[in-house]
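These notes are about the structure you will find just below.
Residue numbering restarts at 1 for every chain, and letters A, B, ... go by the order of the sequence lines.
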Number of protein chains: 2
Amino acid sequence: MATMDDVARLAGVSVSTVSHVLNSTRAVAPDTRSRVEDAMARLAYRRNDVARSLAQRKTRTVGVAISALTNPYFGTLVSAVNEELGSRGYAVILGDTGDEPGHEATVVERMLDQRVAGLLLAPSARAGEGTVPQVLAHGVPLVLVDRHTDADCDQVVPLNREPVEDLVHHLADLGHTRIAAVCGMAGLDTTTERLDGYRAVVAARGLDEDPALVLPGHSRADAAEDAVLHAFARPDRPSAVVVLNNAMTIGTLRALDRLGLAVPGDVALVCYDDFEWADLFRPRLTAVRQDLTTMARRAVRLLLGRVAGDDHPPVLERITPSLQHRESCGCRQAAERDARVPARP
Amino acid sequence: MATMDDVARLAGVSVSTVSHVLNSTRAVAPDTRSRVEDAMARLAYRRNDVARSLAQRKTRTVGVAISALTNPYFGTLVSAVNEELGSRGYAVILGDTGDEPGHEATVVERMLDQRVAGLLLAPSARAGEGTVPQVLAHGVPLVLVDRHTDADCDQVVPLNREPVEDLVHHLADLGHTRIAAVCGMAGLDTTTERLDGYRAVVAARGLDEDPALVLPGHSRADAAEDAVLHAFARPDRPSAVVVLNNAMTIGTLRALDRLGLAVPGDVALVCYDDFEWADLFRPRLTAVRQDLTTMARRAVRLLLGRVAGDDHPPVLERITPSLQHRESCGCRQAAERDARVPARP
DNA sequence: GTGAAAGCGCTAACAG
DNA sequence: CTGTTAGCGCTTTCAC
């Protein structure tokens with residue numbers, strides 16, 4: 001591949017002139033410029049970003065480390081981040097932490113070795129004590145997405161507690177008192193906060209507080225399926241369930257299906273995280289939908305701000321999701337049932 | 001950040017020794033080694049991959065450019081590719097072509113500037129004439145995934161025609177003669193080949209060849225929805241439909257739903273590409289499922305082979321998908337209906 | 001308006 | 001077994 005030197009020689013100028021026309025970094029005589037541009041075209045010259053990065057002691061790439069690209073949730077997030085970053089001239093280097101602290105550390109270290117200008121991370125359970133401080137120690141700008149930790153850095157995460165409260169209140173309004181919660185991997189704040197939302201409403205509304213109603217779904221479809229299978233096979237099964245992330249909703253639906261339980265007839269279901277097909281599924285799923293585009297945009301803005309030298313105290317931004325009120329909560333059914341009950345005198 | 005020089009000084013050795021212990025690239029006396037390792041630890045030294053890449057005139061990163069990360073299909077593919085590459089010490093830099101030749105070119109050029117060791121690309125419609133030759137001209141190893149072109153490079157793509165033939169044969173076996181096909185973006189070989197499969201069976205089985213049965217879905221849900229809405233509102237509507245990719249299946253289901261047409265009662269449906277929730281949906285979707293993990297593995301193997309200097313003629317690998325025979329084709333229903341018909345004497 | 005030259009942090013001969 | 005040194009291809013003072 002041609003180098004700047006080749007271009008300079010062919011154009012009869014110095015490399016520094018070539019550099020300056022390439023980067024528009026100082027005035028160049030029109031004809032000099034065009035001679036250089038010609039030479040570049042003739043040689044199919046492409047600038048070498050690795051040399052450039054070394055000379056400038058900085059890259060235009062950011063690392064994006066998330067836990068499972070196979071989850072469309074992260075696919076959408078990464079896509080939005082990538083677009084946002086791409087339009088500002090940054091490249092994205094990708095990493096999958098597998099939600100495992102050890103692996104996360106490896107992935108992040110590799111990104112540090114690549115001298116990423118900044119890092120976007122969906123932290124695993126104990127990242128607050130390991131990965132995060134390490135990155136910070138190296139002075140690389142870091143913003144956490146999706147899950148937050150108590151670490152001292154910028155974070156852009158969804159609002160977790162309140163939307164779940166709304167969901168559970170809704171179920172309670174419909175008359176349910178025995179409501180199960182399928183919850184995520186231990187240690188993630190999304191798990192904790194969403195569960196807190198559930199617990200708060202259970203307490204506030206005087207619902208059944210049976211600990212057996214809190215099902216360990218480990219943020220995975222298979223685990224959720226097992227847990228639900230187990231919990232809903234019992235005679236005292238819950239009449240409703242709130243599922244705390246998308247993967248677990250799939251598992252929950254599978255389990256309910258295997259048990260022959262109808263939604264919302266036998267059990268009302270509401271969930272955190274929406275699906276592209278949520279309005280296609282019968283019953284249509286009542287779900288809380290995150291605004292991933294906004295989350296991505298905010299995170300990128302914050303990160304590039306830091307890269308550019310912003311020096312405010314760490315901020316925590318909350319993105320408010322929206323309730324997609326559909327049918328799996330059993331609203332319609334509830335209405336019909338009420339209609340059949342004779343009105344009190 | 002500490003450099004090798006800092007480490008060398010602290011350890012009282014030369015940079016070359018540091019380099020060699022870091023890379024295990026020549027024998028080093030045990031105690032020298034440990035002095036160096038110490039120094040590294042004390043300085044929290046991390047090797048600078050950009051300097052290293054410059055010195056070695058090669059990087060350990062590969063570019064992965066696909067058309068829409070929001071599609072779980074590509075999410076899964078990229079995830080598999082990333083894992084495969086990561087385990088071999090390569091980093092992935094991500095690009096979204098948006099299936100638009102101009103944008104694809106930009107994205108790929110940026111990767112070239114980064115001096116990626118190789119490129120994995122899901123080529124857009126006219127990539128065979130533009131992007132592909134350009135990359136090849138720069139001498140960067142390239143393997144095409146998902147779609148193939150007539151370009152002279154390695155390609156790993158799904159088998160398209162035969163699986164669709166199977167799908168349409170199945171519909172014909174069930175007695176359908178008026179079968180619609182919702183097809184993808186023009187110019188993609190996946191579109192062409194899958195459509196060819198449909199046409200071949202239509203001709204072979206003497207089915208209705210009405211051109212109005214070929215619906216333009218542009219590989220997108222919204223376009224598919226429109227096309228299906230239009231085609232199935234007519235009195236002579238098809239009794240079955242084969243949808244040629246996942247996004248369009250969603251659009252098709254939406255349209256059918258809006259028209260109040262039941263699957264498979266009013267229209268039998270089969271599709272190319274499976275979904276994680278395909279067995280949850282009612283009716284369960286009869287679909288052709290791709291083996292993305294194999295596709296990723298093969299593509300990476302081929303690419304790294306080229307990076308390492310393999311010099312065989314370009315190969316075209318076909319990954320055979322598997323039929324997930326479920327209910328939307330109407331098999332069960334067909335069986336029940338047949339059962340109701342009195343047997344001939 | 002343009003060029004010379006000193007690095008950026010590392011690798012890899014080459015020498016000892 | 002270890003050190004010296006010449007680059008890798010670019011950016012960026014500093015001088016002219």
Side-chain angles (χ1 to χ4, degrees), chain A residues 1-37 39-40 43-61 89 91 110 112-117 138-140, chain B residues 1-37 39-40 43-61 89 91 110 112-117 138-140:
Chain A
M1 264 187 174
T3 71
M4 263 193 181
D5 235 277
D6 300 327
V7 176
R9 204 165 312 132
L10 183 58
V13 299
S14 72
V15 287
S16 85
T17 296
V18 175
S19 172
H20 285 119
V21 342
L22 186 62
N23 302 303
S24 323
T25 176
R26 88 177 174 195
V28 172
D31 67 309
T32 308
R33 156 178 305 276
S34 64
R35 286 216 318 286
V36 170
E37 284 169 343
M40 284 183 175
L43 296 172
Y45 172 79
R46 299 250 100 220
R47 124 187 117 205
N48 184 330
D49 273 337
V50 2
R52 174 183 231 241
S53 296
L54 181 60
Q56 292 188 142
R57 253 150 307 177
K58 69 178 181 233
T59 64
R60 296 274 281 182
T61 86
R110 265 146 83 145
L112 256 21
D113 291 353
Q114 305 256 12
R115 292 301 185 270
V116 291
H138 281 279
V140 176
Chain B
M1 263 186 175
T3 71
M4 262 193 181
D5 236 275
D6 300 327
V7 176
R9 202 165 314 130
L10 183 57
V13 300
S14 71
V15 286
S16 83
T17 296
V18 176
S19 172
H20 286 120
V21 343
L22 186 62
N23 302 302
S24 322
T25 174
R26 86 176 174 193
V28 172
D31 69 306
T32 309
R33 155 178 306 277
S34 65
R35 288 216 317 288
V36 171
E37 284 169 344
M40 285 184 174
L43 297 171
Y45 172 78
R46 297 250 101 219
R47 124 186 116 206
N48 184 331
D49 274 336
V50 3
R52 173 183 232 240
S53 295
L54 181 59
Q56 293 189 142
R57 254 151 307 178
K58 68 178 182 233
T59 64
R60 298 273 282 182
T61 88
R110 265 145 84 144
L112 256 22
D113 291 354
Q114 305 257 13
R115 293 300 186 270
V116 291
H138 280 279
V140 177

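- The side chain of T17(B) places an N or O atom within less than 4.0 Å of a non-bridging phosphate oxygen (OP1 or OP2) of dG3(D).
- Across all their heavy atoms, R46(A) and L112(B) have their closest contact at CD-CB, 4.4 Å.
- When the C1' atom of dC8(D) is taken as reference, atom CE of M4(A) falls 14 Å away, rounded to whole Å.
- Contact annotation: S19(B) side-chain N/O to dT11(C) OP1/OP2 distance is under 4.0 Å.
- When heavy atoms are screened at a 4.0 angstrom cut-off, V18(A) is found touching no nucleic acid atom at all.
- Within the 4.0 angstrom heavy-atom criterion, only backbone atoms of the sugar-phosphate kind lie near T32(B); the bases stay farther away.
- Of all heavy-atom pairs spanning T25(A) and S19(A), the tightest one is CG2-O, 4.2 Å.
- Smallest separation of non-hydrogen atoms from R35(A) and G12(A): NH2-O, 3.8 Å.
- Contact record, Y45(A) with T3(A): CE1-C, 3.5 Å, taken as the closest heavy-atom pair.
- Summarising the geometry of T59(B) relative to R115(B), their closest heavy-atom pair is OG1-O, 2.7 Å, with the distance given to 0.1 Å.
- Comparing D31(B) and L54(A) by the nucleotide of DNA chain D that holds the closest heavy atom to each, the one mapping nearer the 5' end is D31(B).
- Checked by distance alone, S16(A) brings a side-chain donor or acceptor within 3.5 Å of a matching partner on the base of dG3(C).
- Put simply, CZ on R9(A) is 14 Å from P on dG3(C), counting in whole angstrom units.
- Comparing atom distances between the A55(B) side chain and each of dG9(D), dG3(D), dG7(D) picks out dG7(D) as nearest.
- With hydrogens and angles ignored, a donor-acceptor pair under 3.5 angstrom links the side chain of R26(B) to the base of dG3(D).
- Between Y45(A) and dG9(D), a side-chain N or O to OP1/OP2 separation shorter than 4.0 Å is absent.
- For D5(B) and dC10(C), the CG to C1' distance is 10 Å, given to the nearest whole Å.
- For the pair V36(B) and H20(B), the minimum side-chain heavy-atom distance is 4.5 Å or more.
- Using a 4.0 Å heavy-atom criterion, one finds that T3(A) contacts the sugar-phosphate atoms exclusively.
- The distance between atom CZ of R52(A) and atom C1' of dC8(C), rounded to the nearest whole Å, is 14 Å.
- As rounded to whole Å, 14 Å separates atom P of dT4(D) from atom NE2 of H20(B).
- Of the candidates dG1(C), dC8(C), dG3(C), dG1(C) carries the atom nearest the A29(A) side chain, counting heavy atoms from C-beta on.
- In this structure, CZ of R35(A) is placed 11 Å from C1' of dT2(C), rounded to the nearest angstrom.
- Backbone-only engagement by V28(B) is indicated by non-hydrogen atom pairs under 4.0 Å involving sugar-phosphate atoms exclusively.
- If you measure from atom CG of N48(A) to atom P of dG7(D), you get 18 Å, rounded to the nearest angstrom.
- Nearest-nucleotide assignment on DNA chain D puts the 5′-proximal partner with R33(B), out of L22(A) and R33(B).
- Looking at heavy-atom distances under 4.0 Å, D49(A) makes no contact with the nucleic acid at all.
- For the pair M1(B) CE and dC10(C) C1', the interatomic distance rounds to 15 Å; values are reported in whole Å.
- When heavy atoms are screened at a 4.0 angstrom cut-off, V50(A) is found touching no nucleic acid atom at all.
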